[in-house]
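One-based numbering, in listed order, for ligands and for the atoms of each.
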Amino acid sequence: MAEETDSRRAETLRTLLHHHAHRYYVLDAPEIPDAEYDRLFRELQALEAAHPELRQADSPTQRVGGAVLAGFAPVRHAVPMLSIRTETDTTPAGAQAFDERVRRELELPGDAPPVAYNAELKFDGLALNLRYEAGVLVQAATRGDGETGEDVTQNIRTIGQIPLRLAGVPPAVLEVRGEVYMRRDAFERMNERQRERGEKTFVNPRNAAAGAVRQLDPAIAAQRPLSFFAYGLGEVQGWAQPPTHSATLDALAAFGVPVCADRAVVLGAAGLIAFHEAMGAKRDALPFDIDGVVYKVDDIALQRRLGFVTREPRWAVAHKYPAQEQLTRLNAIEVQVGRTGKLTPVAKLEPVFVGGTTVSNATLHNVFELRRKGVRVGDTVIVRRAGDVIPEVVGRVAGPRPGYVPNFRIPRGSACPVCGSLVLREKGGIDHRCSGGLFCAAQRKQALLHFAGRRAMDIEGLGDKLVDQLVDGGLIQTLPELYALDVAKLSALDRMAGKSAANLVEGLRRSKDTTLARFLYALGIRHVGEATAKDLARHFGGIERVMAATLEQLLEVHDVGPVVAQSIRTFFDQPHNREVVQQLRAAGVAWPEHEGEADTTPKPLAGKTLVLTGTLPSLTRDEAQSLIEAAGGKVAGSVSKKTDYVVAGAEAGSKLEKARTLGLAVLDEAALRALIDGCA
Ligand code: IVH
């Protein structure tokens with residue numbers, strides 16, 4: 001009876017493992033975290049060990065997964081690409097056990113000195129064999145099943161880090177083995193770009209890297225930012241390999257191959273444990289994912305003596321860390337409002353230990369991505385937490401749901417969960433946003449800081465620490481309340497005794513005397529930057545006319561398109577925003593009123609685009625910009641053929657160089673002033 005259950009279980013495990021290996025290796029779209037796959041794999045291994053008659057030729061335990069993709073030429077490895085034993089006991093006992101095994105196999109007496117190991121990181125990417133003949137990269141191959149891999153030379157050539165020619169005096173044949181991986185920042189940037197375009201995101205850096213390496217179009221592969229670290233050798237001809245693994249890595253580095261600096265030669269179990277702990281503490285701060293460390297007997301002669309068991313060397317082991325991906329239950333989905341007003345669906349999870357901490361909330365990014373991933377309340381989901389990146393739900397485990405669960409939505413016309421303002425999504429946009437702006441408590445701090453900014457109302461003495469205190473202490477809920485602050489109220493705050501309080505009150509008083517453009521910019525209307533605020537002020541001449549402008553009238557303004565016009569209209573359509581404007585004016589905020597195009601000063605730079613670079617002798621960058629804009633010119637951030645003048649000061653860099661290459665007119669401060677004063 002028990003026999004039959006075991007046999008059925010083995011069959012189930014084989015089916016599951018085949019399915020997941022295909023998802024992982026061939027489709028690059030895994031449905032379960034690695035740790036879960038490993039668990040199933042080990043369960044089958046254990047079952048087969050206890051009942052050898054259950055072992056079958058097609059069992060996933062009998063080969064090291066990964067079919068050759070149609071489209072890549074197969075490459076037979078001159079020396080098989082092996083794997084290493086994994087120690088899943090993440091405590092120091094894991095290192096202890098490995099050292100004991102090595103000493104036993106080498107038949108070392110108890111009082112023999114400790115064994116020297118090279119300890120390195122276990123990179124979480126894709127194994128690669130780089131073949132150099134006479135120093136030239138002739139072939140790059142994936143591991144495949146260890147005997148035969150795929151020829152991915154064209155894609156690998158696009159990785160800048162991998163030398164196409166070795167430095168120094170290269171051997172006749174040198175096969176470098178290592179891991180191709182994607183840095184976390186590159187991965188996040190890539191996913192962010194995908195998300196902005198509403199396209200499919202990658203589950204983790206390893207899948208993104210694997211997808212790029214096996215991308216059939218090298219031009220697409222080239223856009224995926226990959227990196228590489230070497231950790232060993234394949235076939236070698238005409239080279240006397242150094243006597244230790246650590247010296248071999250040094251030699252590879254000298255040939256110009258990337259070798260990770262986080263490695264050390266350590267002694268005995270104590271040395272291994274210390275390395276495991278040190279790298280564990282550093283793991284989050286590393287720019288790439290690791291799932292453990294690798295210990296290798298450093299002396300190559302000892303490695304030879306130890307040899308191999310089946311397909312794994314006796315001289316090496318991978319010592320794991322707690323997984324950065326875990327399964328848990330999605331209990332609910334809530335909406336959070338960020339500092340910029342963006343609404344993010346947040347997963348409320350059954351608490352789970354992942355990437356070194358207990359996670360109970362994780363981002364789902366946006367409604368569209370959530371829907372694409374097909375995640376619904378009640379699902380078992382994969383949570384990823386790596387580095388200091390916010391934990392995220394990367395997908396769900398396939399399988400039937402107990403009943404119908406609707407898709408999560410943010411319905412049209414929803415109210416912001418924080419302030420009740422209308423929630424909007426721009427035409428064709430991905431993100432939902434609260435239109436409450438400074439009225440919304442979630443956005444209040446950001447709105448206050450923006451309002452007080454140097455280029456907005458320029459309130460001296462109002463920085464982020466003070467804004468935190470004012471908002472958290474409940475002193476300020478709306479912008480106009482700023483102007484009701486007095487020395488008595490401020491003195492109660494931290495570090496605001498006497499003079500600081502008086503200074504801020506003075507700063508507030510002075511800020512009231514402003515311009516319409518600064519005031520419009522200070523309101524923090526989405527898409528209304530400084531330039532647009534200036535255009536609006538110039539075009540309409542008064543705040544009442546801006547507030548009353550129809551979409552058509554707004555579209556008449558220079559550089560204002562439909563998205564910007566709609567954003568301005570929405571802002572002033574909200575009664576609480578109009579109220580804020582009235583209250584600010586009642587508090588004494590004022591600017592010189594002028595009618596329409598009242599500005600009649602001459603505009604010698606009208607229609608001209610200038611670029612500032614380097615340090616000018618007497619003008620700050622802001623002053624130079626104001627001067628240019630007052631003269632009708634525009635200041636751009638980078639030099640192009642459309643640039644009319646480049647204004648260069650001391651230590652001007654690449655922008656000046658580019659100006660020279662393009663043959664543009666270059667001015668110094670004196671020449672700029674002369675041009676504006678009309679003397680040039
Ligand atoms: S040594 C004979 N060193 O982990 C030993 N492998 O099963 C060959 N890996 O697929 C492997 N970092 O791609 C070695 N520092 C490291 C590694 C490493 C990552 C990968 C490798 C292989 C798997 C080991």
Side-chain angles (χ1 to χ4, degrees), residues 21 24-25 34-35 37-38 41-42 45 61 63-66 77-88 98 102 117-130 140-147 149-150 152 156 175-182 204-207 209-210 213-214 226-236 241 244-246 248-250 252-253 257-266 272 275-276 279 283 286 288-298 300 302-304 306-321 323-324:
Y24 182 96
Y25 286 106
D34 291 8
Y37 183 91
D38 289 347
F41 193 90
R42 282 197 307 275
Q45 261 182 332
T61 59
R63 68 176 168 95
V64 199
H77 298 300
V79 176
M81 288 183 81
L82 304 179
S83 60
I84 31 181
R85 225 178 65 79
T86 300
E87 178 55 70
T88 47
F98 172 62
V102 167
Y117 296 102
N118 188 66
E120 51 200 69
L121 302 180
K122 185 165 190 302
F123 314 108
D124 204 4
L126 192 75
L128 207 62
N129 184 69
L130 303 175
T142 63
R143 173 166 149 208
D145 64 3
E147 300 291 336
E150 300 150 348
V152 289
I156 294 309
E175 287 190 355
V176 177
R177 287 185 176 169
E179 198 90 345
V180 60
Y181 66 95
M182 194 178 284
N204 56 38
R206 191 200 45 244
N207 283 303
V213 168
R214 299 156 100 207
L226 297 174
S227 308
F228 178 82
F229 278 135
Y231 54 63
L233 297 175
E235 188 188 2
V236 177
Q241 190 194 338
T244 60
H245 179 69
S246 52
T248 303
L249 292 182
D250 292 340
L252 289 181
V257 177
V259 175
C260 182
D262 281 307
R263 60 187 165 108
V265 176
V266 300
L272 298 178
F275 186 82
H276 188 256
M279 292 303 129
R283 188 184 187 194
L286 290 171
F288 45 84
D289 279 4
I290 58 170
D291 57 351
V293 291
V294 176
Y295 310 136
K296 296 172 184 170
V297 171
D298 199 31
I300 305 291
L302 287 185
Q303 287 189 5
R304 295 224 167 88
L306 284 160
F308 298 83
V309 244
T310 57
R311 306 174 57 84
E312 293 169 353
R314 280 203 192 85
W315 45 263
V317 77
H319 193 191
K320 293 272 223 178
Y321 288 122
Q324 286 172 323

#### Entry: Near-ring test Y181/F229, centroid separation under 6.0 angstrom
yes

### Task
Look at atom 13 (O) of ligand 1 and say which protein heavy atom is nearest, naming residue and atom and giving the distance to 0.1 Å.
E179 OE1, 2.4 Å

### Task
Heavy-atom contacts with E120 under 4.0 Å: which atoms of ligand 1 show up? List them by number with element.
3 (N), 15 (N), 16 (C)

### Close aromatic pair by centroid cut-off 6.0 Å: Y117 and Y295
no

### Message
What I want to check is whether the side chains of N118 and S246 have a donor and an acceptor closer together than 3.5 Å.
### Response
no

### Query
Given that the side chain starts at C-beta and the backbone is N, CA, C, O, which of these parts of K122 lies under 4.0 Å from ligand 1, counting heavy atoms, or is it both or neither?
both

### Task
Decide whether an N or O pair under 3.5 Å exists between K296 and ligand 1.
yes

### Message
Under 4.0 Å, heavy-atom basis, I'd like to know which part of T86 is in contact with ligand 1: side chain, backbone, both or neither.
### Response
neither

### Query
Are R283 and D262 close enough for a salt bridge, meaning some N to O gap below 4.0 Å?
no

#### Entry: atom 18 (C) of ligand 1 [closest protein heavy-atom partner, distance rounded to 0.1 Å]
Y231 CE2, 3.5 Å

### Message
Under 4.0 Å, counting heavy atoms only: does G232 come that close to any atom of ligand 1?
### Response
no

### Message
Under 4.0 Å between a side-chain nitrogen and a carboxylate oxygen: does that hold for E87 and K320?
### Response
no

### Query
In terms of residue, atom name and distance, what is the protein heavy atom nearest to atom 5 (C) of ligand 1?
I84 CG2, 3.8 Å

### Ion pair E147/R311, N-O distance below 4.0 Å
yes

### From CA spacing to verdict: side chain to side chain contact (heavy atoms under 4.5 Å, CB included), T88, R42
CA-CA 11 Å; T88 47; R42 282 197 307 275; 3.4 Å; yes

### Query
Which heavy atom of the protein is the closest neighbour of atom 8 (C) of ligand 1, given with residue, atom name and distance?
L82 O, 3.9 Å

#### Entry: Atoms of ligand 1 close to R143 [distance to a heavy atom under 4.0 angstrom, numbered from 1]
10 (O), 22 (C)

### Message
Geometry only, no angles: is F123 polar-contacting ligand 1 at N/O separations under 3.5 Å?
### Response
yes

### Query
Which ligand 1 atoms, with their elements, are less than 4.0 angstrom from a heavy-atom of S83?
7 (O)

### Query
Could you state the interatomic distance from OH (Y231) to NE2 (H245), rounded to the nearest 0.5 Å?
10.0 Å

### Task
Using a strict 4.0 Å threshold on nitrogen-to-oxygen distance, state whether D289 and R206 make a salt bridge.
no

### Query
Which ligand 1 atoms are under 4.0 Å away from a heavy-atom of P313?
2 (C)

### Message
Using a plain distance cutoff, I'd like to know if L126 has any nitrogen or oxygen under 3.5 Å from a nitrogen or oxygen of ligand 1.
### Response
no

